[in-house]
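Here's the structure we're looking at; comments come further down.
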Protein chains: 2
Amino acid sequence: MKKPFGAWVDFRLSPQDCPKEYMLALNDALNVLTGKWKLHVIGALTTGKKRFSEIERFIPEINPRMLSKELKELEVNGIVSRTVQDRSPAIVEYELTKSGKEIKPVFDAMITWGLEHRQSSIRNGGK
Amino acid sequence: MKKPFGAWVDFRLSPQDCPKEYMLALNDALNVLTGKWKLHVIGALTTGKKRFSEIERFIPEINPRMLSKELKELEVNGIVSRTVQDRSPAIVEYELTKSGKEIKPVFDAMITWGLEHRQSSIRNGGK
DNA sequence: CGGTATCCACTGCGATACTG
DNA sequence: CAGTATCGCAGTGGATACCG
């Protein structure tokens, strides 16, 4: 962590001489983002704490099985927290953790790249 | 594109009122990175232009079918370029395109987040 | 050398129905 | 309300063999 990893280009990702921790970190980030609904779920929670059914309404096309699965994965990965309020009908609330909120710069980088990339794809007449 | 997208938190990702282009950009970025070997292939090519068999040696566990497939996808997505030198035994070389090289900040953001996230996971005794 | 072809296992995801 | 159970299918990826 001490040395800033200035250049990606300076190291190889595979297999021997690649900084293991960077690959792990990269994979962590990727794991958080893969799966059809992760982005949507995180997006839903960026507007604040929500209950299961609220998220469902936020992402109309998702089915409860998938939502449950994605939430569980995000929870295991420390991106969202799940809290149960023991009222008469129990209330379950999901919320982004600190890590979950801090993922924003990653999205921003992806969006920046994606927009620029789209532009150059168009310029090249490319697909 | 004019307005910098300062805050992710300011918009919802799903479904109606999310800036479509951001979602598209985000998905573009994600598409480039998903698949078991994409990261490795890009990593291999960050150290420069390489031939098919060189990449294979760089990623020993990959099989030719997968390498071929991943390279084709990366090519279609404008991340790598493929050039054939018409020597007697034809030489095929793969190289990162401009877009391919420019993806570095995305990786850096992911690594930064991943490293920090790992730290806080440990602090919380979590995982 | 730079790939394809074939086959097969595993998994992601959707649809639908059901439960404490 | 907040999920789980079951099924089924399409897509991903591995192993191995083969080709110009």
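Computed from a predicted structure; not experimentally measured. Below, chains carry the letters A, B, ... as their sequence lines are ordered, and counting in each starts from 1.
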Considering residues at least two apart in sequence or located in another chain, which fulfil the side chain to side chain contact (heavy atoms under 4.5 Å, CB included) criterion with A:E93?
A:K49, A:R51, A:T83, A:Q85, A:I91
Residues in side chain to side chain contact (heavy atoms under 4.5 Å, CB included) contact with A:T34, at least two apart in sequence or another chain:
B:T34
Hydrogens and angles aside, do A:K50 and A:T47 bring a side-chain donor and acceptor to less than 3.5 Å of each other?
yes
Degree of bending in the helix from C:dC1-D:dG20 to C:dG20-D:dC1 once both end axes are built from five pairs, to 10°:
50°
By side chain to side chain donor-acceptor pair (under 3.5 Å) - contacts of B:K69 (at least two apart)
none
For the pair B:N63 and B:L67, evaluate side-chain contact (heavy atoms from CB on, under 4.5 Å) and give the outcome as yes or no after the intermediate values.
CA-CA 6 Å; B:N63 66 39; B:L67 181 53; over 6 Å; no
Across all chains, not counting sequence neighbours, the salt bridge (Lys or Arg N to Asp or Glu O under 4.0 Å) partners of A:K72 are none
How many whole angstroms separate atom CE of A:M66 from atom C1' of D:dG8?
13 Å
First and last nucleotide of DNA chain C touching chain B, 5' to 3', heavy-atom cut-off 4.0 Å?
C:dC1 to C:dT6
For B:I59 and D:dG14, give me the distance from atom CD1 to atom C1', rounded to whole Å.
16 Å
Among residues at least two apart in sequence or on other chains, which ones pass salt bridge (Lys or Arg N to Asp or Glu O under 4.0 Å) with B:E54?
none
So which of residues 29-37 of chain B are in contact with DNA chain C, with a heavy-atom cut-off of under 4.0 Å?
none
Any residue meeting side chain to side chain donor-acceptor pair (under 3.5 Å) with B:K38, in chain and number order, not counting sequence neighbours:
B:E70, B:E73
Answer whether the closest heavy-atom distance between the side chains of B:F52 and B:V92 falls below 4.5 Å.
no
Heavy atoms of A:A25 and B:L115 approach each other most closely as CB-N, 3.7 Å
Results of side chain to side chain contact (heavy atoms under 4.5 Å, CB included) for B:P105 - residues two or more places apart only:
none
With a 4.5 Å cut-off on side-chain heavy atoms, are B:L26 and A:L33 touching?
no
By side chain to side chain donor-acceptor pair (under 3.5 Å), which residues pair with A:R82, not counting sequence neighbours?
A:Y94
Give every pair of a protein N or O atom and an N or O atom of nucleotides 1-5 of chain D that lie under 3.5 Å apart, one pair per line with the distance.
residue, atom, partner, partner atom, Å
D:dC1, O3', A:R51, NH2, 3.2
D:dA2, OP1, A:R51, NE, 3.0
D:dA2, OP1, A:R51, NH2, 3.2
D:dA2, OP1, A:V92, N, 3.3
D:dA2, OP2, A:S53, N, 3.2
D:dA2, OP2, A:S53, OG, 2.8
D:dG3, OP1, A:R82, NH2, 2.7
D:dG3, OP2, A:Y94, OH, 2.5
D:dT4, OP1, A:K72, NZ, 3.0
D:dT4, OP2, A:S68, OG, 2.7
D:dT4, OP2, A:K72, NZ, 3.2

